[in-house]
Structure formats: C-alpha cells, structure tokens
Amino acid sequence: ADAEERKEQIPVAQFSAHQFMPVERDWFDQALELVTMKASRGASLAAADSGLDLETINRNGKPFAYVHLNELFVIDKRGRIIASADSCSHYNLPIITGSTFLVDEKRKMLVDDGSQSAIEFLRHIHKQKDLEPLLSEIKINENGIIAYFGFSKVTPVIFGEGGWQQKINNLIAYQTQLGGSDLAEIAAYLDLRIEDRILVKKNV
C-alpha cells in the first residue's frame with residue numbers, strides 16, 4: 001500500500017485507555033454525560049430510552065467488546081448485551097462508541113447497521129493476534145468505522161465501510177514497512193478508504 005498525505009477532521013478517541021480498570025461510580029456518571037442518544041424507530045428503542053433491565057440480560061455469552069449506551073455494557077460477538085461493565089471482571093476489551101444505537105428490547109441486542117458493522121469489523125481484527133491487543137476503541141460515525149490503535153501512540157485509522165480484510169492487510173503492511181519510521185511518528189491519522197492505498201495525515 002502507498003502512503004500519501006491528506007487532511008480531514010477526525011474525532012479524538014472518546015476513551016483513550018485500552019485496558020479498563022475498576023473505577024468509582026463518579027467516573028461513570030461523568031462518562032454518561034458525553035453521549036446523547038437520538039430517537040429510535042419501530043420496535044427497537046434508542047439506548048438512552050431503553051431502560052435495560054439488568055435482571056433479564058442474558059449473561060451466558062462470551063465477552064467480546066464494551067459498548068457505551070446509556071452506560072457501559074459488555075456484548076457478545078452477535079451484539080447481545082450480556083452484562084453491565086461495572087458488574088463483571090472483563091476489562092481488556094475494546095469499546096464501541098457512537099451517537100446512535102438501537103436496541104431490540106426482546107433480545108437485548110444491538111440491531112442498528114453501525115453496531116453490526118463495528119462487530120463484523122472486530123471479528124476480523126480478532127484474527128490478527130498482533131493487531132488485536134492494540135485496538136482500544138471503535139467509533140461509529142458518518143465516515144463509517146474509525147478505529148484507534150495504540151502503535152507508538154494512539155493513532156486513529158479510518159476504515160470506512162466494508163472490505164475489512166483487505167484494509168486490515170494494508171494496515172499490517174504499513175506497520176511492517178513504516179511502523180518505526182519518522183512518517184509514522186508524525187502521522188495524525190491513517191485513511192484506508194481508497195483501495196490499496198493508505199493516506200497519511202501528518203501533524204502540522
């Protein structure tokens with residue numbers, strides 16, 4: 001993949017640490033104020049209005065990621081909510097963030113396209129054992145998927161939508177060839193949305 005310079009406004013990571021440690025409730029109260037949820041449609045409810053009943057959550061799934069709804073929850077690889085983050089001991093998981101999530105109340109499951117896209121992306125990342133531990137956050141926005149990796153520093157990587165494996169392969173090639181270079185050190189973000197190319201935005 002070729003590296004080029006490009007300018008674009010990229011949101012900063014909402015959560016900078018990859019590993020979540022047990023914290024006081026005051027931290028969660030502050031975190032809740034960072035995200036507001038939009039109105040939902042149909043039988044699915046917007047996360048902030050869903051009033052999830054923790055007693056009815058399926059706790060049998062395998063922890064896959066955090067998701068920031070009206071508070072932090074743990075989901076499995078299908079997007080089912082299996083636990084509240086402050087009621088479990090699984091801290092070394094990436095977090096999925098965004099402005100809008102839709103929850104199917106009956107199945108206690110994320111059903112919006114953005115969430116399902118992020119989950120599919122994360123399934124591909126899980127196959128890359130060297131890359132997986134470096135992923136701290138997956139942000140869903142109008143650009144599709146933006147992932148935050150802790151290389152020499154936290155670097156936003158715009159993946160956009162679909163074609164995950166090829167884009168991941170391009171990122172691995174970039175890290176192998178240029179990961180320790182001066183270009184990588186001054187990169188503000190990487191953009192993988194153009195086929196077989198990596199666009200690099202440098203700090204000014």
Side-chain angles (χ1 to χ4, degrees), residues 8-18 20 23 25 27-54 56-58 61 63-88 90 93-126 135-149 154-164 167-168 189-193:
E8 184 170 336
Q9 185 66 36
I10 301 300
V12 297
Q14 183 172 330
F15 298 90
S16 58
H18 175 58
F20 286 88
V23 293
R25 283 299 308 177
W27 185 93
F28 284 99
D29 293 338
Q30 294 173 19
L32 298 183
E33 297 174 2
L34 297 176
V35 177
T36 57
M37 301 302 167
K38 297 178 181 179
S40 64
R41 62 181 184 278
S44 298
L45 299 178
D49 302 323
S50 62
L52 290 171
D53 181 2
L54 296 181
T56 65
I57 288 177
N58 181 351
F64 185 69
Y66 287 111
V67 63
H68 193 258
L69 303 175
N70 56 326
E71 62 179 281
L72 284 173
F73 289 94
V74 177
I75 60 172
D76 66 12
K77 64 182 180 181
R78 294 176 53 199
R80 294 184 306 168
I81 298 169
I82 58 176
S84 173
D86 60 352
S87 67
C88 68
H90 303 282
L93 298 170
I95 182 169
I96 299 172
T97 61
S99 60
T100 303
F101 294 96
L102 295 180
V103 178
D104 183 313
E105 279 293 281
K106 184 175 182 180
R107 294 181 292 166
K108 298 294 187 290
M109 181 175 178
L110 297 171
V111 294
D112 58 281
D113 291 340
S115 296
Q116 290 301 315
S117 181
I119 289 168
E120 181 63 23
F121 165 76
L122 187 52
R123 288 196 192 109
H124 282 80
I125 291 292
H126 271 297
L135 177 63
S136 60
E137 179 178 346
I138 302 169
K139 184 181 289 291
I140 306 165
N141 72 358
E142 64 274 6
N143 293 311
I145 296 297
I146 301 176
Y148 296 82
F149 289 92
V154 176
T155 304
V157 182
I158 306 176
F159 280 85
E161 300 178 356
W164 306 127
K167 293 173 181 177
I168 290 170
Y189 70 85
L190 307 177
D191 190 339
L192 306 180
R193 289 175 293 179

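These values consider heavy atoms only, across backbone and side chains, with no hydrogens, waters or symmetry-generated copies.
Atom CZ of Phe159 and atom CD1 of Ile146 lie 11.0 Å apart (nearest 0.5 Å). The distance from the NE2 atom of His126 to the NZ atom of Lys77 is 9.5 Å, given to the nearest 0.5 Å. We find the CD1-NZ distance between Ile82 and Lys108 to be 14.5 Å, quoted to the nearest 0.5 Å. Expressed to the nearest 0.5 Å, how far CZ of Phe101 lies from CD1 of Ile81 amounts to 10.0 Å. Distance CZ/Phe64 to CD1/Ile96: 7.5 Å, rounded to 0.5 Å. Interatomic distance, Thr97 OG1 to Lys139 NZ, rounded to the nearest 0.5 Å: 3.5 Å.
Of all heavy-atom pairs spanning Ile145 and Gly114, the tightest one is CD1-O, 4.5 Å. Here the shortest heavy-atom pairing between Pro94 and Leu135 reads CB-O, 3.9 Å. Closest of all the heavy-atom pairs between Leu110 and Leu69 is CD2-CD2, 3.9 Å.
Checking side-chain atoms of Asp104 against main-chain N and O of Met109 turns up no donor-acceptor pair under 3.5 Å. Remark: the backbone N or O of Gly162 is paired with a side-chain donor or acceptor of Lys167 at under 3.5 angstrom.
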message: Between Ile140 and Ser117, is the side-chain contact (heavy atoms from CB on, under 4.5 Å) condition met? List the steps.
response: CA-CA 9 Å; Ile140 306 165; Ser117 181; over 6 Å; no
- request: Show your working on salt bridge (Lys or Arg N to Asp or Glu O under 4.0 Å) between Asp76 and Arg78 and close with a plain yes or no.
  value: CA-CA 5 Å; Asp76 66 12; Arg78 294 176 53 199; 5.7 Å; no
query: Given the rule in the side-chain contact (heavy atoms from CB on, under 4.5 Å) test, do Ile125 and Trp164 qualify, once you have shown the distances and angles that lead to the verdict?
result: CA-CA 9 Å; Ile125 291 292; Trp164 306 127; over 6 Å; no
query: When you look at Val74 and Leu93, which way does the side-chain contact (heavy atoms from CB on, under 4.5 Å) test go after all the steps?
result: CA-CA 9 Å; Val74 177; Leu93 298 170; 4.2 Å; yes
query: Stepwise, does the side-chain contact (heavy atoms from CB on, under 4.5 Å) test hold for Phe149 with Leu190?
result: CA-CA 11 Å; Phe149 289 92; Leu190 307 177; over 6 Å; no
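Within a 6.0 Å radius of CD in Glu161, no more than 12 heavy atoms belonging to other residues, nucleotides or ligands are found.
A donor atom on one side chain and an acceptor atom on the other are found under 3.5 Å apart for Ser84 and Glu71.
Using a 4.5 Å heavy-atom threshold, the side chains of Arg193 and Asn143 count as touching. Ile138 places a side-chain heavy atom less than 4.5 Å from the side chain of Leu122.
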